[in-house]
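The structure appears right after this line, and notes come after that.
These values consider heavy atoms only, across backbone and side chains, with no hydrogens, waters or symmetry-generated copies. For ligands, and for the atoms within them, numbers begin at 1 and follow the listed sequence. Numbers here are sequence positions counted from 1.
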Amino acid sequence: MNSLTLESPAKINLCLYVLGKRPDGYHELLTLFQRISLRDRVRFRRTRSGFRLQCRHPLVPCDSRNLIEKAWRLVQSRTGLRGGMEVILDKRIPVAGGLGGGSSNAATTLLAANRLFGLRLSQPDLMEMGRKLGADVPFFLLETSRAIGRGRGDELQPLAGATKLSVLLTLFSSGISTKSVFESLSRPALGPTLTKLNCDIIMISVFLASKDLKGCSTLLRNDLFKAAHRMKPEIGRVLSFLRNSRPASAMSGSGPTVFSLAANRVETEAAASEISRKFGLATWVGSLY
Ligand code: ATP
């Protein structure tokens, strides 16, 4: 096999609880990752030597800062692989949107290199390499549609089953840096106990499985919202508007993208048109995946 084209999916965080700061400087998180049908397309081609990445998106660096190149370098150093690779990235996931696009591309690169070069890297090997590339990367190495993330978000508990629900994304014209959101987080207030939060996260999944969106709406908390909202007040305006008629709406990851779930696709498309008309923002309609 000389070339391979893979889809690199986006995720939303159905909820994101910040539990505190860890001695290593990262935050301790409890989150529920969910794949959605929004995907980048990545074409990989084996070459004799060297590495080349092409991407037309103006905000995606095509040099050593790109997570695709970082993943490739990690594979090389880990396996001693001599060959080269050419990659063409068709970027559709909004950049710095809280949808994990770069992390997903990194995971896809690990999977592609493993297959193209017959490296026989095991799932635990890949997960360990994914963790080195970023806290969101391991989720995209799983085949599951939904998983609980603990620790930095990289200690994963896959959840069985997928739910067919429509998703509306409200996209903002510019992204937010994940680092700056975490840096401007105020000290978490004393909140519910860990036992309660663990229970809430399971309940979200149970409500989703039965398409009980009212039930899950009260639990879709994102502790990064306040910090992201300070940087981009428009997030709050969109969210308040959506929640009037669509309670299962929240910000994904470190924002700014806002997601909104519903059972009905036609109604979701109508809500998308309303958001575009009222706020002049781009939207995307798809499904949980
Ligand atoms: P997070 O995983 O932190 O939620 P995000 O989804 O908000 O990330 P990304 O789209 O992954 O954000 O982009 C974050 C930054 O990473 C961008 O500003 C970009 O400069 C850089 N970057 C590096 N590689 C990639 C890539 N393959 N795709 C998109 N951005 C990349």
Side-chain angles (χ1 to χ4, degrees), residues 6-16 18 26-27 29 31-36 38-44 51-75 85-113 130-142 147 149 151-154 156 169-185 222-225 227-228 231-232 235 250-259 282 284:
L6 295 178
E7 307 279 2
S8 186
K11 57 82 183 160
I12 52 175
N13 299 83
L14 291 165
C15 67
L16 197 159
V18 179
Y26 287 95
H27 285 83
L29 306 179
T31 186
L32 185 54
F33 290 109
Q34 169 69 56
R35 272 178 202 236
I36 57 172
L38 174 61
R39 284 164 281 189
D40 290 339
R41 182 164 292 155
V42 202
R43 184 175 152 80
F44 299 90
F51 177 84
R52 205 160 82 99
L53 169 66
Q54 277 177 265
C55 177
R56 290 205 179 134
H57 195 295
L59 298 176
V60 175
C62 284
D63 52 27
S64 58
R65 287 169 296 169
N66 197 295
L67 278 156
I68 294 180
E69 179 162 347
K70 287 186 178 159
W72 168 249
R73 301 282 173 222
L74 183 61
V75 169
M85 186 136 85
E86 251 176 37
V87 184
I88 301 175
L89 168 62
D90 178 3
K91 184 49 80 183
R92 299 164 184 186
I93 304 172
V95 175
L99 299 169
S103 305
S104 174
N105 294 168
T108 304
T109 304
L110 296 180
L111 297 171
R131 276 189 194 102
K132 285 198 175 141
L133 292 163
D136 284 353
V137 178
F139 171 68
F140 294 106
L141 292 166
L142 297 177
R152 295 188 311 155
D154 56 359
L156 295 164
L169 296 184
T170 301
L171 313 171
F172 293 79
S173 48
S174 57
I176 299 187
S177 132
T178 303
K179 195 165 171 262
S180 56
V181 171
F182 274 103
E183 279 171 359
S184 71
L185 260 190
N222 184 331
D223 290 344
L224 299 180
F225 169 75
M231 294 176 195
K232 224 184 231 307
I235 306 173
M251 186 183 85
S252 176
S254 51
T257 307
V258 166
F259 69 84
W284 172 90

| task | Check the surroundings of atom CZ in Arg52: do more than 12 heavy atoms from other residues, nucleotides or ligands lie under 6.0 Å from it? | result | no
| Heavy-atom distance under 4.5 Å between the side chains of Leu169 and Ile36, does that happen here? | yes
| Sub-4.0 Å heavy-atom approach of Lys91 to ligand 1 | yes
| Tell me, do Thr31 and Asn13 make a side-chain contact under 4.5 Å, heavy atoms counted? | yes
| Within reach of ligand 1, part of Arg65 (heavy-atom separation under 4.0 Å) | backbone
| Taking both backbone and side-chain atoms of Ala96, is any N or O found less than 3.5 Å from an N or O belonging to ligand 1? | yes
| query | Please state which protein non-hydrogen atom is closest to atom 18 (O) of ligand 1 and give its distance, to 0.1 Å? | reply | Val95 CG1, 3.9 Å
| said: Which of the numbered atoms in ligand 1 are under 4.0 angstrom from any heavy atom belonging to Thr178? | reply: 1 (P), 3 (O), 4 (O), 7 (O), 8 (O)
| said: I need the contact type for Ala106 against ligand 1. Using non-hydrogen atoms and a strict under-4.0 Å cut-off, is it side chain, backbone, both or neither? | reply: neither
| field | Geometric N/O contact Gly102 with ligand 1, under 3.5 angstrom | value | yes
| request: Give the residue and atom name of whichever protein heavy atom lies nearest to atom 22 (N) of ligand 1, and the separation in Å to one decimal. | output: Pro61 CD, 4.1 Å
| Does Phe140 reach the side chain of Leu111, with side-chain heavy atoms less than 4.5 Å apart? | no
| task | Please state which part of Ile176 comes within less than 4.0 Å of ligand 1, counting heavy atoms only: side chain, backbone, both or neither. | result | neither
| query | Where on Asn105 is there a heavy atom closer than 4.0 Å to ligand 1, on the side chain, on the backbone, on both, or on neither? | reply | side chain
| task | May I ask you to check whether Lys70 and Thr109 show a side-chain donor-acceptor distance below 3.5 Å? | result | no
| Closest approach of any protein heavy atom to atom 7 (O) of ligand 1, naming residue and atom | Gly98 N, 2.8 Å
| remark: Gly101 heavy atoms within 4.0 Å reach ligand 1 at atoms 6 (O), 11 (O)
| request: Counting heavy atoms only, name the option from Leu224, Asn66, Asp136, Ile93 that's nearest to atom 2 (O) of ligand 1. | output: Asp136
| said: Within the 3.5 Å criterion, strictly below it, is a donor on Thr257 or Ser252 matched to an acceptor on the partner's side chain? | reply: no
| field | Side-chain heavy-atom pair Val95, Val60 within 4.5 angstrom cut-off | value | yes
| task | In sequence, state the C-alpha distance, the side-chain angles, and the governing distance for Asp40 and Arg92, and then conclude on salt bridge (Lys or Arg N to Asp or Glu O under 4.0 Å). | result | CA-CA 5 Å; Asp40 290 339; Arg92 299 164 184 186; over 6 Å; no
| Do ligand 1 and Ile68 have nitrogen or oxygen atoms that lie under 3.5 Å from each other? | no
